[in-house]
There are 2 protein chains.
Amino acid sequence: MTTRIAIDCMGGDHGPSVTVPAAIQFLAEHTSANLVLVGQEEVLRPLLGTHASDSRIRIVHASEVVGMDESPALALRNKKDSSMRVAINQVKAGEADACVSAGNTGALMAISRFVLKMLPGIDRPAICAPLPTVKGHTHMLDLGANVDCGPEHLLQFGIMGAMLVAAMEHKDQPTVGILNIGEEEIKGNEVVKAAAELLRASGLNFVGNVEGDGIYKGDADVIVCDGFVGNVALKTSEGLAQMLASSLREEFKRNWLTKLAALIAISVLNNFKRRFDHRRYNGAILLGLKGISVKSHGSADVLAFGNAISRAYDAAENRVLERISSRIAEMMPAAAAVENV
Amino acid sequence: MTTRIAIDCMGGDHGPSVTVPAAIQFLAEHTSANLVLVGQEEVLRPLLGTHASDSRIRIVHASEVVGMDESPALALRNKKDSSMRVAINQVKAGEADACVSAGNTGALMAISRFVLKMLPGIDRPAICAPLPTVKGHTHMLDLGANVDCGPEHLLQFGIMGAMLVAAMEHKDQPTVGILNIGEEEIKGNEVVKAAAELLRASGLNFVGNVEGDGIYKGDADVIVCDGFVGNVALKTSEGLAQMLASSLREEFKRNWLTKLAALIAISVLNNFKRRFDHRRYNGAILLGLKGISVKSHGSADVLAFGNAISRAYDAAENRVLERISSRIAEMMPAAAAVENV
């Protein structure tokens, strides 16, 4: 079966100059994939060159572009022919199995939610992305969609994250942890404590509290938290990694002796760099919608954007949504029933 | 004038084997300091050797020890003769200008608060510690004392942090930021938005939102957040740094060629390591109390614990509490008036 991915080619800091080459590269590596390239046809076609006639590529024209700093509310209301919206419409219409955009996160959230609607039994979408750990990687959600969550939302995040990992990584019982603070006196706030109770009773493979350092120790396959905390943890990590990388570079550039050392250590340093290359982790899935919508980092290059397309492809191929829906239906038959009325 | 620091010599993972050598070292480097060493006299005296007769050292016996995993409530109720409590009592009684402990954080918080009481105008204590940035360092609070904060608490944290930096680093108008998430759609939760309003109107040098990566970019001298978020940010950073350090080590140990490269790069790697040595940042101040209580990492070694003693000493020397009190009194004359009735 062919899996079809719609790409918002105009989104991101670099637009088509990154998205189109990434799309071409992706097709070369995924022979059973088709792509729907959405954007200004007159811009896309020349960039495609001879690939424009590839039967696996379909160009869908969209006259507008959502700006990186545009208000999500205005983008939702006014830009009905934006490349972002038209790409999402492709999923809604059944013309694509997933969509990818490097555009404005808020707009992608708002438009995805408006167009695709929520899965029955899920109240709010969550942003889920993989992070490297000493053991491999973990999936964390929510990374910024919801600033205030109730316990039942954190439970839903746990179910969605577990089903994502079960589907995409073929793990039967992925471990689920809840992000919390020290084991001393006050173990977390009321919401986290109540959510832990719900998760413990959920039938998921719940391993309890994970502290901040437990994220990178690989304490759980899935870590749930509200979007405020998740976003802070993610961005704090990005900031620390950048600071450490740039000062390691600085130390190696200090004088001719240290530069010589760098030359000798180059392959070691490159291996190290490759291991934690954030581009390999690009592509966050907006979970909880009746369709797969993947957010790429705005500053993604061709390699990074290609990984975001791959993540959308893998999620569609492995039927992540079906897996989430059926688990939710099992756990909350009432929610599913309402939907079927 | 002599500044006197009381040390809970029994606290921490290593107890007197770390705290006593650190104390001796500290005295050698701070000629105008006196120390009150609190703990089991029969244990401390032999470790002090000839220093036992140093006129700048006073040993105060305490028969009990608060365990690292002991419930703070029980430690507060039952261990009235613990080294931790007796050290704090020294501050309360005016026999010491500050105290330091590497013991159980929850117990230190609970006992410090019970014994020392809150400063007028401050509702809750906050844990404040420095973090390295590309520009030098920043101070962040709260790092775990309060899991749920209202806007007025975050305002108080801002005042306390700013006065700490003003006093200890002789900066007239330290910049204050509030930890928040992306600049997109939903800029933080209601508490953070309301706190930002209060901070903007406070007369502090408020620079607005700081995202997670802004911590390490040095976006502000002081960053305020609730204790849940602050603790997650801190521990996440610790976990990431540990993972990166251990995998850099791993890469350099891969084979004889990479080991040779490590040998050649050793001085560069050591410089890098020194720059972010977490031991240099050891010593978190519990702010908001009528006395200075400093928390050292439980696993601190002699160097790290020495830094915690130094931080307590600097805070006392630079009259951090007076600075906070007078600013609070200026801003909230009512609170100070109540206290003076």
Side-chain angles (χ1 to χ4, degrees), chain A residues 69 71-73 104-107 109-110 132-134 144 147-148 179 181-182 184-186 188-190 192 211-217 225 227-229 231-244 246-248 251-252 254 258 260-262 264-265 267-269 271-272 275-276, chain B residues 71-73 104-107 109-110 132-134 144 147-148 179 181-186 188-190 192 211-217 225 227-229 231-244 246-248 251-252 254 258 260-262 264-265 267-269 271-272 275-276:
Chain A
D69 295 322
S71 139
N104 179 331
T105 311
M109 281 290 311
T133 73
V134 290
V147 290
D148 284 304
L179 193 58
I181 68 169
E184 288 131 359
E185 192 166 26
I186 323 148
N189 54 34
E190 295 311 314
V192 168
E211 290 191 60
D213 53 345
I215 299 171
Y216 295 104
K217 285 182 187 158
C225 55
F228 191 94
V229 175
N231 189 276
V232 166
L234 182 71
K235 293 238 171 98
T236 299
S237 298
E238 286 176 5
L240 178 59
Q242 275 163 19
M243 177 177 76
L244 295 178
S246 76
S247 68
L248 191 58
E251 290 296 342
F252 272 114
R254 202 170 280 281
T258 61
L260 186 67
I264 291 163
S267 79
V268 181
L269 295 172
N271 278 343
F272 174 67
R275 197 154 152 186
F276 299 108
Chain B
S71 140
N104 179 330
T105 310
M109 281 288 313
T133 73
V134 291
V147 291
D148 283 303
L179 193 58
I181 67 168
E183 290 164 58
E184 289 131 357
E185 189 166 27
I186 324 150
N189 54 34
E190 294 312 314
V192 168
E211 291 191 58
D213 53 346
I215 299 171
Y216 295 104
K217 284 182 187 157
C225 55
F228 191 95
V229 175
N231 188 276
V232 166
L234 182 71
K235 293 237 172 99
T236 299
S237 298
E238 287 176 4
L240 178 60
Q242 276 163 17
M243 177 177 75
L244 295 178
S246 77
S247 67
L248 191 57
E251 291 296 342
F252 271 114
R254 201 171 280 283
T258 61
L260 186 67
I264 291 163
S267 79
V268 181
L269 295 172
N271 279 343
F272 173 67
R275 198 154 152 186
F276 299 108

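A note on names: the letters A, B, ... follow the listed sequences, proteins ahead of strands, and every chain is numbered from 1.
Proximity to chain B (any heavy atom under 4.5 Å) is restricted, for A:I215, to the side chain, taken from C-beta onward. Looking at B:F272, the atoms closer than 4.5 Å to chain A (heavy atoms on both sides) sit in the backbone and in the side chain alike. Contact annotation for A:L260: neither backbone nor side-chain heavy atoms come within less than 4.5 Å of a heavy atom of chain B. Only the side chain of A:D148 comes within contact range of chain B, judged by heavy atoms closer than 4.5 Å. In this structure, no portion of A:S71 lies under 4.5 Å from any heavy atom of chain B.
Here the CD-CG distance, from A:E251 to B:N271, works out to 4.5 Å after rounding to the nearest 0.5 Å. Separation of atoms CE (A:M243) and CZ (B:F276) is listed at 4.0 Å; rounding is to 0.5 Å. Summarising the geometry, atom CG belonging to A:L244 is positioned 9.5 Å from atom CZ belonging to B:R275; distances are rounded to the nearest 0.5 Å. One finds the CG atom of B:L269 at 11.0 Å from the OG1 atom of A:T258 (value rounded to the nearest 0.5 Å).
Of the listed residues (A:A265, A:A233, A:A261, A:S247), the greatest number of heavy-atom pairs within a distance under 4.5 Å of chain B belongs to A:S247. Between chain A and the residues B:S246, B:S237, B:S267, B:A262, the largest count of heavy-atom pairs under 4.5 Å involves B:S237. Highest contact tally toward chain B, considering only A:G239, A:G214, A:G212, is held by A:G212 [criterion: heavy-atom pairs under 4.5 Å].
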Practice task
Evaluate the side-chain contact (heavy atoms from CB on, under 4.5 Å) criterion for residues A:F228 and B:L179: first the C-alpha distance (whole Å), next the side-chain angles of each, then the deciding distance (0.1 Å), finally the verdict.
Solution key: CA-CA 10 Å; A:F228 191 94; B:L179 193 58; 5.5 Å; no
Exercise for the section: Check the pair B:T236 / A:D213 against side-chain contact (heavy atoms from CB on, under 4.5 Å), numbers first and verdict last. Expected result: CA-CA 5 Å; B:T236 299; A:D213 53 345; over 6 Å; no
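Nearest heavy atom pair, residue B:Y216 against residue A:L240, reads CD1-N, 3.6 Å. Taking both residues in full, the closest heavy atoms of B:I181 and A:V232 are given as CG2-CG2, 4.1 Å, listed atom of the first, atom of the second, then distance.
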